[in-house]
Amino acid sequence: MIYADNAATTRMDLAAYHAMQSWLQVEYGNASQPYSYARKPKQALANAREIIAACINAQPDEIYFTSGGTESDNWVIKSSAFSDPDHRETITTAFEHHAVLNSCAVIERLGYPVSYLMPDESGKVLPEALRAKITDRTRLVSVMFANNEIGSIQPIRELCSVAHEHGALFHTDAVQAVGHVKIDVKELGVDFLSSSAHKFNGPKGIGFLYIRNGADLLPYMDGGAQEKKHRAGTENIAAISGMAEALKGNCEYMEQNEEHIRGLETMILNALSAAGVRFQRNGGDYTLPGLMSLSFPGFSGEAILHRMDLMGICISTGSACDSVNTEISHVLRAINLEDSLATGTVRISLGKFNTVEDAARISESLIRIVK
Ligand code: PLP
């Protein structure tokens, strides 16, 4: 099997896997207890926080562990709205992940206004579009770092400056980007950043939220005093340690991984062009390494996916969360892709474990299907 759906999830790093084991079987103490058996898990938490903070240039006490991207997004959107007695507006985009969009739908139903920016046809949210919509009654702006279906990377620093000029806070869902492209929260200026370990070769069900010191957010999960009383629940030390190890590895080899993955990407695109295949790549010029949204006019993306599956290759038509929904995705709608292209769209997302042989088989199989 060739796995080319790394935007849905990734294979765990061996080092991350090993980093998890002793916390499950040997050092399984609860980090919140006062006795000495809790010392090692407590230290592991502190170490993980430090490693993760260093990877995104944050302070360790700005990292809050969560169950993943969905929880981090829910936390920011809902807690930001619910702590505002003035019901000021939230601005987001029409092509966010459903963790953001459905959280926004909830706050809207409860009377907190939300408005939606449209990306341009290349999948970019322009700072001018935000400038045209934002007012001094905007509380939060939330724009994803990189889109999960088409890979387009957003001008986060510029968007964040526009938000701050108007006194609004800025959140970015960086689930697809962390561990794959350089992220420096101080340089970007963001107040909140969501991340998820299983997208960067860490375990599933664990992630973090960066909350800039000074940009306080109401707790989302109520209960015990964990995470400075901001996110209750016994910490999953094994998953947290695995996440930190995976992120450290990906950040250490980020340039090499990117070069390798972009090389495979070019191989596939060149092979399709050389074979005379008619296709369009979506997402503009600045995309996540390895994430290719390809539209084959006149074909069915779903049929291509299933033919590829029969050939032992995993790709996707859109985001994993949309796999039960065969309609044209909200992302392709948002970039205004015409129907004949949208229905013939597949997402191939390569990762660091993919090889030149994988790229060759992916392109050969695609060519065989569409020719
Ligand atoms: N945000 C984006 C952009 C994603 O791609 C995903 C997962 O597909 C999520 C949020 C949800 O993350 P998790 O699976 O950790 O809940």
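The model shown is predicted, which means the values in this text are computed figures rather than measured ones. As the structure lists them, so they are numbered: ligands from 1, and atoms in each ligand from 1.
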(request) Considering the heavy atoms of Asn148, write down every atom of ligand 1 situated less than 4.0 Å from one of them. (result) 3 (C), 5 (O)

(message) Looking at Val76, is its backbone amide N or carbonyl O close enough to the side chain of Ser79 to form a donor-acceptor pair, meaning the two atoms are under 3.5 Å apart?
(response) no

(message) If you measure every N or O of Gly68 against every N or O of ligand 1, does any of those distances drop under 3.5 Å?
(response) no

(request) Can you figure out which of Thr9, Asn147, Asp173 has its heavy atom closest to atom 3 (C) of ligand 1? (result) Asp173

(request) Given ring pair (Phe, Tyr, Trp, His ring centres under 6.0 Å), test Tyr3 with Phe353 step by step and report yes or no. (result) CA-CA 9 Å; Tyr3 185 75; Phe353 293 123; over 10 Å; no

(message) Is it true that, when you exclude Lys229 itself, more than 12 heavy atoms of the residues, nucleotides or ligands shown sit nearer than 6.0 Å to its NZ?
(response) no

(request) Share the residues that join Met20 in a hydrophobic cluster, the rule being Ile, Leu, Val, Met, Phe, Trp or Tyr side chains under 4.5 Å apart at the heavy-atom level. (result) Met12, Leu14, Tyr17

(message) Measuring from atom 5 (O) of ligand 1, which candidate in Glu149, Glu71, Lys204, Gln176 has the nearest non-hydrogen atom?
(response) Gln176

(request) Just let me know how Asp73 lines up against ligand 1, side chain, backbone, both or neither, with a heavy-atom cut-off below 4.0 Å. (result) side chain

(message) Who clusters with Tyr37? Use side-chain heavy atoms, under 4.5 angstrom, across I, L, V, M, F, W and Y, and order the result by chain and number.
(response) Tyr28, Tyr35

(message) Taking Lys124 first and then Asp120, would you say they form a salt bridge - that is, a charged N and a carboxylate O separated by under 4.0 Å?
(response) no

(request) Could you tell me which atoms of ligand 1, counted from 1 in the order shown, lie closer than 4.0 angstrom to a heavy atom of Met144? (result) 3 (C)

(message) Applying the side-chain hydrogen bond (donor to acceptor under 3.5 Å, both in side chains) criterion to His171, which one of Ser72, Ser194, Ser80 satisfies it?
(response) Ser194

(request) Report the part of Thr70 (side chain from C-beta onward, or backbone N, CA, C, O) that has a heavy atom under 4.0 Å from ligand 1; answer both or neither where that applies. (result) both

(message) With a heavy-atom distance limit of 4.0 Å, tell me whether Lys199 approaches ligand 1 through its side chain, its backbone, both, or neither.
(response) side chain

(message) Polar contacts were defined as any N/O atom of the residue lying under 3.5 Å from an N/O atom of the ligand; does this apply to Ser67 and ligand 1?
(response) no

(message) Please determine whether a side-chain nitrogen of the Lys or Arg among Asp339 and Arg333 lies less than 4.0 Å from a carboxylate oxygen of the Asp or Glu.
(response) yes

(message) Only heavy atoms of Ser196, strictly under 4.0 Å: list the atoms of ligand 1 that pass.
(response) 13 (P), 15 (O)

(message) Within ligand 1, which atoms have a heavy atom of His198 less than 4.0 Å away?
(response) 13 (P), 14 (O), 15 (O)

